[in-house]
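Worksheet: the structure to be examined is printed underneath.
Along the sequence shown, the residues carry numbers beginning at 1.
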Amino acid sequence: MSKKIVYPLIVCALVCCLSFALAACDNGGNDTPGGEFQGTLYSIQAPTASDNYTVENLPESAREGDAVSFTLTLTYPDDSIIDGVELYGTETGYVDLTATDGVYSFTMPAEPVRINVTVTYYPDKETDNFLSWDGDNPSAFAIVLTADNPDYAPQYDTMNRLVANVTKTPSQTGGYFTQHQQTAFSLDEDVIPSDALTVTYTNSSSSNSAVSFTVCIDRTMIHEGTAKIVLRVDNGHKFGDKAILVCTVTVTAVQA
């Protein structure tokens, strides 16, 4: 074969290789079939699998500027709280996401990101660490409907109460539980708003050591239904030491 034939063949081979390389780039998803560049695809890492929730419709990747949305479904909706949903990227940092009509959304930045979800599951719990619910606590409360007030009016006094007793000496207190923080909240704000809850404590008769904590429920603020109430007491004598109690209460309405 003469050199005049070999050179054109080499040139044709190089052109074919270059064409194949460009076609492979097109198949990477950055260009449309017509050749228009769409941008780089960046990965979206889903949150770690959990028994308490599922994430749906979250894509595996998106381009900068794309609108990304997904939904979060609780496995135990009556017993759980979504503590936070956030987007994280190296350059973007942490961005809190808030749901609108149950849908979370964000605009994709020019970098890979991950979604972090924190959900706390609150099954009923009578005893935890140094605290226990009192055995005489009611599980149902009544509110009265009146002709003059079709909403809810208090029956007898305006408060219902749930008592939790200190059943064992909290760690590092030396028998004197004097440093503590206490809070209560509701898992169903439509039935029992968290604003309707206040927590008090009772000291022993011989010292200022706490022996019980009481969740007071303002009956003028509650409505018919069922809700979970969570009481948390932090032991100020030891970092990270706490007790969390949970109970389900039912609110019923009676006609005056």
Side-chain angles (χ1 to χ4, degrees), residues 18 20-123 125 128 181-190 192-195 197 227-236 238-244 246:
L18 179 59
F20 178 79
L22 290 174
C25 181
D26 288 343
N27 291 334
N30 289 336
D31 299 319
T32 63
E36 181 182 351
F37 184 72
Q38 289 186 315
T40 303
L41 278 172
Y42 297 100
S43 64
I44 302 174
Q45 182 181 337
T48 305
S50 172
D51 293 334
N52 296 327
Y53 64 85
T54 55
V55 173
E56 299 173 326
N57 303 318
L58 179 68
E60 294 181 353
S61 60
R63 295 178 173 85
E64 180 186 5
D66 283 354
V68 179
S69 62
F70 61 93
T71 58
L72 176 65
T73 302
L74 295 175
T75 309
Y76 311 100
D78 295 333
D79 306 330
S80 304
I81 284 183
I82 300 174
D83 298 306
V85 178
E86 64 183 8
L87 169 78
Y88 174 76
T90 302
E91 298 295 330
T92 305
Y94 292 94
V95 179
D96 291 329
L97 302 180
T98 303
T100 301
D101 296 328
V103 178
Y104 293 87
S105 61
F106 62 92
T107 300
M108 188 68 185
E111 65 170 336
V113 296
R114 73 168 183 260
I115 302 298
N116 299 325
V117 175
T118 306
V119 170
T120 305
Y121 173 49
Y122 291 101
K125 185 182 291 187
D128 184 41
Q181 291 183 326
Q182 49 281 335
T183 185
F185 57 90
S186 167
L187 297 195
D188 192 329
E189 297 281 341
D190 292 331
I192 300 178
S194 293
D195 288 345
L197 306 177
K228 281 181 176 285
I229 292 177
V230 180
L231 169 65
R232 172 173 174 152
V233 177
D234 288 276
N235 174 14
K238 181 180 180 181
F239 178 77
D241 191 46
K242 63 183 181 298
I244 298 176
V246 186

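Nearest heavy-atom pair, K228 versus D78, reported as atom, atom and distance to 0.1 Å: CD-O, 3.6 Å. Across I229 and I192, no two heavy atoms sit closer than the pair CD1-CD1, 4.0 Å. Across Y53 and P47, no two heavy atoms sit closer than the pair OH-CB, 3.7 Å. The two residues N52 and S50 have their closest heavy-atom pair at N-OG, 3.0 Å. Contact record, V113 with M108: CG2-CE, 3.9 Å, taken as the closest heavy-atom pair. Taking every heavy atom of both residues into account, S186 and A227 meet most closely at OG-CB, 4.0 Å.
With hydrogens and angles ignored, the 3.5 Å screen pairs no side-chain donor or acceptor of T107 with any backbone N or O of G65. Without hydrogens or angle criteria, T75 side chain to D51 main chain gives a donor-acceptor distance under 3.5 Å. Checked by atom type and distance alone, the side chain of E111 pairs as donor or acceptor with a backbone atom of E91 at under 3.5 Å.
Inspection of the T40 and E64 side chains reveals no N or O donor paired with an N or O acceptor under 3.5 Å. Side-chain atoms of N116 and E86 form a donor-acceptor pair, as typed in the model, at a separation below 3.5 Å.
No side-chain heavy atom of P112 sits under 4.5 Å from any side-chain heavy atom of Q45. You'll find the side chain of I115 reaches within 4.5 Å of the side chain of F106, heavy atoms only. The shortest distance between side-chain heavy atoms of F70 and L97 falls below 4.5 Å. Residues L58 and V68 are in side-chain contact: their nearest non-hydrogen atoms beyond the backbone lie under 4.5 Å apart. Between S105 and T100, every side-chain heavy-atom pair lies at or beyond the 4.5 Å cut-off.
Between S80 atom OG and Y122 atom OH the span is 9.5 Å, to the nearest 0.5 Å. To the nearest 0.5 Å, the span separating CG on D188 from CD1 on I81 amounts to 10.5 Å. In this structure, the separation between CG on D66 and OG on S61 is 9.0 Å, given to the nearest 0.5 Å. Remark: T98 OG1 to Y104 OH distance equals 7.5 Å, nearest 0.5 Å. In this structure, CD1 on I82 lies 4.5 Å from CG on L72, to the nearest 0.5 angstrom. Of the inter-residue distances, the one linking E60 atom CD with L41 atom CG reads 11.0 Å to the nearest 0.5 angstrom.
A 6.0 Å sphere centred on CD of E189 holds more than 12 heavy atoms belonging to other residues, nucleotides or ligands.
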